[in-house]
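Data block below; observations after.
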2 protein chains.
Amino acid sequence: MANRVNTKHEAWAKVIKAIAHPSRLFIIEELDKGEQCVNDLTAMIGSDASTVSKHLSVLKNAGLVMVEKRGNSIFYSLRVPCIMQFIGCVEDVLSSNAKEHMEILKCCKK
Amino acid sequence: MANRVNTKHEAWAKVIKAIAHPSRLFIIEELDKGEQCVNDLTAMIGSDASTVSKHLSVLKNAGLVMVEKRGNSIFYSLRVPCIMQFIGCVEDVLSSNAKEHMEILKCCKK
DNA sequence: TATCTATTTGGCAAAATAGCCAAATAGCCA
DNA sequence: TGGCTATTTGGCTATTTTGCCAAATAGATA
């Protein structure tokens, strides 16, 4: 009956939740190539600037990105390099899913 | 103005969202040690059996776990081994956050 | 100083998520 | 068969998350 779900799992979930959004994943992918300012990210994403700003603040609160003011803009960059590797693992899951669907199709054709 | 957030990012987000919950992270951690049945997981987590069952179905829909009926129980196991490595990355983020907080504290003491 | 650009914040409504209870299902065992 | 045990499903409410708009803020520049 004990509840073994604890602070550790909550801390993990907080960080992972911050990653778990299409636009934020795009941002992470983009920042992995190098820093970007809000304005350019907004243009690439195509939603309202305030929306992109909020996505960035979610990433910042989770400790995933760093901020640097320079000139007229604010530049964001990845704080921890391993995130894209993690996404590699997610790709493994997806290709594994795809493979399984193929198997099921093959099976039905017979 | 183009929207470069695409299907790929949505697929990634779907998988990552499935991971992003304290109880589900606990389940993943537990399954990483070996398969478990719903009943035992329910006892460890301490919420309603229906809740745990729903968490498991979220993980299953994302392709993260496998299911096997045996005897009176249904056993779940991890389908892709790399997930716990990913959590290693999350730990990096958290310890990096902690380190930064320490720095800020040190700075204020002076 | 006035204005313009870049970014963030507040507020709100719509959508998604979580977790409980009750009820349905499935298979085992007496 | 009838009663158990294990698991899932449906339904409902509370909470959280999204994303837009309008407005505020911060700096740079004319």
Side-chain angles (χ1 to χ4, degrees), chain A residues 1-6 9-28 30-31 35-62 64-77, chain B residues 1-6 9-28 30-31 35-62 64-77:
Chain A
M1 295 285 176
N3 186 345
R4 285 178 46 202
V5 182
N6 56 35
H9 303 104
E10 267 151 33
W12 289 356
K14 219 174 271 183
V15 174
I16 299 173
K17 257 187 205 169
I19 305 177
H21 184 286
S23 299
R24 294 199 290 268
L25 282 161
F26 172 82
I27 292 171
I28 288 169
E30 214 53 39
L31 296 187
E35 60 166 26
Q36 287 284 353
C37 68
V38 187
N39 202 39
D40 289 352
L41 286 171
T42 301
M44 294 189 251
I45 292 173
S47 33
D48 195 86
S50 69
T51 301
V52 174
S53 175
K54 274 175 187 170
H55 282 314
L56 286 165
S57 93
V58 169
L59 292 173
K60 198 178 105 198
N61 287 333
L64 292 160
V65 297
M66 287 168 29
V67 189
E68 192 193 336
K69 273 183 206 189
R70 193 156 4 104
N72 211 2
S73 299
I74 299 187
F75 289 87
Y76 283 81
S77 56
Chain B
M1 295 282 176
N3 186 345
R4 287 177 45 201
V5 182
N6 57 36
H9 303 104
E10 267 151 34
W12 290 355
K14 218 174 275 182
V15 174
I16 300 173
K17 257 186 207 171
I19 306 177
H21 185 285
S23 299
R24 294 199 290 268
L25 281 162
F26 171 81
I27 291 172
I28 289 170
E30 214 51 41
L31 295 188
E35 60 167 27
Q36 287 284 353
C37 68
V38 186
N39 202 40
D40 289 353
L41 286 171
T42 300
M44 294 189 251
I45 291 173
S47 33
D48 195 86
S50 69
T51 301
V52 174
S53 174
K54 275 174 188 171
H55 282 313
L56 285 165
S57 94
V58 168
L59 292 173
K60 198 177 106 199
N61 286 334
L64 291 160
V65 298
M66 289 168 26
V67 189
E68 192 192 337
K69 273 182 207 190
R70 196 159 358 107
N72 211 3
S73 300
I74 299 189
F75 289 86
Y76 282 81
S77 56

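Order of the sequence lines fixes the chain letters, A, B, ..., with proteins taken first and strands second; residue numbering starts at 1 for each chain. What you see below is based on every heavy atom in this structure, not just the backbone, and it leaves out hydrogens, waters and symmetry mates.
Spacing between atom CZ of R70(A) and atom C1' of dG27(D) amounts to 15 Å, rounded to whole angstrom units. Atom CD in E68(B) sits roughly 19 Å away from atom P in dA26(C) (whole-Å rounding). Spacing between atom CG of L59(B) and atom C1' of dT17(C) amounts to 14 Å, rounded to whole angstrom units. When the P atom of dT17(D) is taken as reference, atom CD1 of I16(B) falls 16 Å away, rounded to whole Å. With rounding to whole Å, E10(A) atom CD is found 12 Å from dT16(D) atom P. For the pair H21(B) NE2 and dT16(D) C1', the interatomic distance rounds to 11 Å; values are reported in whole Å. Between the P atom of dG19(C) and the CD1 atom of I27(B) lies a distance of 10 Å, rounded to the nearest Å. Atom-to-atom, CG of N61(A) to P of dT17(D) comes out at 12 Å; the value is rounded to the nearest Å.
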Completion exercise
Taking Watson-Crick and G-U wobble contacts under 3.5 angstrom, with | marking pairs to another strand and [ ] crossing pairs, the secondary structure of DNA chain C is written ||||||||||||||||||||||||||||||
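The minimum heavy-atom distance between A18(B) and L64(B), with the atom names listed, is CB-CD1, 3.9 Å. Minimum interatomic distance between P22(A) and E10(B) (heavy atoms only, all atoms of both residues): CG-CG, 3.7 Å. Taking every heavy atom of both residues into account, L31(B) and Y76(B) meet most closely at CD2-O, 3.3 Å.
A heavy-atom distance below 4.5 Å is not found between the side chains of I27(A) and V65(A). By the 4.5 Å heavy-atom criterion applied to side chains, F75(B) and S77(B) are not counted as neighbours.
In the region residues 47-55 of chain A, proximity to DNA chain D at under 4.0 angstrom, judged on heavy atoms, holds for S47(A), D48(A), S50(A), T51(A), K54(A), H55(A).
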Polar atoms only, N or O, under 3.5 Å: list the protein pairs with nucleotides 4-6 of chain C and their distances.
from	atom 1	to	atom 2	distance (Å)
dA6(C)	OP1	N39(A)	ND2	3.4

Return all side-chain donor-acceptor pairs below 3.5 angstrom for residues 53-60 of chain B, not counting sequence neighbours, or 'none' if the list is empty.
from	atom 1	to	atom 2	distance (Å)
H55(B)	ND1	R24(B)	NH1	3.0
S57(B)	OG	K54(B)	O	3.2

What side-chain donor-acceptor pairs closer than 3.5 Å can you find for residues 44-51 of chain A, not counting sequence neighbours?
from	atom 1	to	atom 2	distance (Å)
D48(A)	OD2	S50(A)	N	2.9
D48(A)	OD2	S50(A)	OG	2.7

Exercise for the section: Apply side-chain contact (heavy atoms from CB on, under 4.5 Å) to I16(A) and L25(B), showing your working. Expected result: CA-CA 10 Å; I16(A) 299 173; L25(B) 281 162; 3.8 Å; yes
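In this structure, the separation between NE2 on H9(B) and NE2 on H21(A) is 12.0 Å, given to the nearest 0.5 Å. Expressed to the nearest 0.5 Å, how far CG of L41(B) lies from CD of E35(B) amounts to 10.5 Å.
By the side chain to side chain donor-acceptor pair (under 3.5 Å) test, N39(B) pairs with no residue at all, sequence neighbours left out.
The phosphate of dA18(C) has OP1 or OP2 within less than 4.0 Å of a side-chain N or O from R24(B). Y76(B) has a side-chain polar atom (N or O) that falls below the 4.0 Å cut-off from OP1 or OP2 of dT8(D).
Between V67(B) and S23(A), it is V67(B) whose nearest contact on DNA chain D lies nearer the 5' terminus.
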